[in-house]
Amino acid sequence: QVQLVESGGGSVEAGGTLRLSCVSSGYNYSLPCMAWFRRASGKERDLIASVGSDGRITFADAGKGRFTISKDGAKNTLSLQLTTLKPEDIDMYYCAAKWSPCWSTLPLSASNFRYWGQGTQVTVSS
């Protein structure tokens, strides 16, 4: 059973930086597709960016410009660096994974992903 555990959320002032991490476990192979999502209370989860097993990164509109995604296969860790944070970035941030390649279900959405972490809260004060 794949397990995803996020960490790194917290409260920062506007303009600050946070680095979120997602550690995956419970399998013997590289997950073909992992991604970061964000969700405000009562809303749908929005895709930030995805990473394929070949390292190909694709950003959705929600993540362009100030966010950086990276994957460390040796450590089974997916990271998301949030820079120049704004109050509108306040959300729960989730790590997700699926067994099929990212390109096999386009456009990617939350419904494509089977495995989810518990989420980590990001709060930005102005």
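The analysis underlying the following values was restricted to heavy atoms, covering all of them including side chains, and did not include hydrogens, waters or symmetry mates.
- When each of Val124, Val122, Thr68 is checked for a side-chain contact (heavy atoms from CB on, under 4.5 Å) with Leu82, only Val122 meets the rule.
- A heavy-atom distance below 4.5 Å is found between the side chains of Leu31 and Ser24.
- Side chains of Thr105 and Lys98: a donor on one and an acceptor on the other come within 3.5 Å.
- Checking each of Ile48, Val51, Asp46 against Trp36 for a side-chain contact (heavy atoms from CB on, under 4.5 Å) leaves exactly one that passes, namely Ile48.
- Note that OG1 of Thr58 is 7.5 Å distant from CG of Leu108, once rounded to the nearest 0.5 Å.
- Within a 6.0 Å sphere centred on CD of Glu44, other residues, nucleotides and ligands contribute 12 heavy atoms or fewer.
- Under the 3.5 Å distance criterion, with hydrogens and angles disregarded, no donor-acceptor pair is assigned to the side chains of Tyr94 and Arg38.
- A cation-pi geometry, defined here as NZ or CZ lying under 6.0 Å from the six-membered ring centre and within 45° of its normal, does not hold between Arg56 and Trp103.
- Closest non-hydrogen pair, Pro87 versus Ala14, comes out as CD-CB, 4.4 Å.
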> How far apart are the C-alpha atoms of Arg19 and Ser79, what are their side-chain angles, what is the distance that settles it, and do they pass the side chain to side chain contact (heavy atoms under 4.5 Å, CB included) test?
Replying inline: CA-CA 7 Å; Arg19 186 176 180 86; Ser79 298; 3.6 Å; yes
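- Here the side chain of Ser50 pairs no donor or acceptor atom with the backbone of Met34 at under 3.5 angstrom.
- Side-chain atoms of Gln121 come within 3.5 Å of backbone N or O of Asp91 as a donor-acceptor pair.
- The two atoms that bring Pro101 and Cys33 nearest to each other are C-CB, 4.1 Å, heavy atoms only.
- Gly8 approaches Leu18 most closely through the heavy-atom pair O-CD2, 3.8 Å.
- A donor-acceptor pair under 3.5 Å is formed between the side chain of Glu6 and the backbone N or O of Gly119.
- Between the CG atom of Leu85 and the CZ atom of Arg66 there is a distance of 6.5 Å, given to the nearest 0.5 Å.
- Here SG of Cys102 is found 9.5 Å from CG of Asn112. Values are rounded to the nearest 0.5 Å.
- Note: the hydrophobic cluster containing Tyr115 also contains Ile69 (ILVMFWY, side chain heavy atoms under 4.5 Å, direct or indirect links).
- Of the candidates Leu20, Thr84, Leu80, Leu80 is the only one forming a side-chain contact (heavy atoms from CB on, under 4.5 Å) with Phe67.
- Shortest non-hydrogen contact noted between Gly9 and Thr120 is N-OG1, 3.0 Å.
- Cluster annotation: Trp116 is not connected to Trp99 through the hydrophobic network of ILVMFWY side chains, with a link wherever side-chain heavy atoms come within less than 4.5 Å.
- The structure places CD of Gln118 at 8.5 Å from OG of Ser7, a figure rounded to the nearest 0.5 Å.
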> When you look at Thr77 and Lys71, which way does the side chain to side chain contact (heavy atoms under 4.5 Å, CB included) test go after all the steps?
Replying inline: CA-CA 6 Å; Thr77 301; Lys71 184 178 179 183; over 6 Å; no
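- One hydrophobic cluster holds both Leu106 and Phe37 under the rule that ILVMFWY side chains link at heavy-atom gaps under 4.5 Å.
- Between the SG atom of Cys22 and the CD atom of Gln3 there is a distance of 11.5 Å, given to the nearest 0.5 Å.
- Here the straight-line distance linking atom SG of Cys95 with atom CZ of Phe113 works out to 9.5 Å at 0.5 Å rounding.
- A donor-acceptor pair under 3.5 Å is absent between the side-chain atoms of Thr123 and the main chain of Ser11, judged by distance alone.
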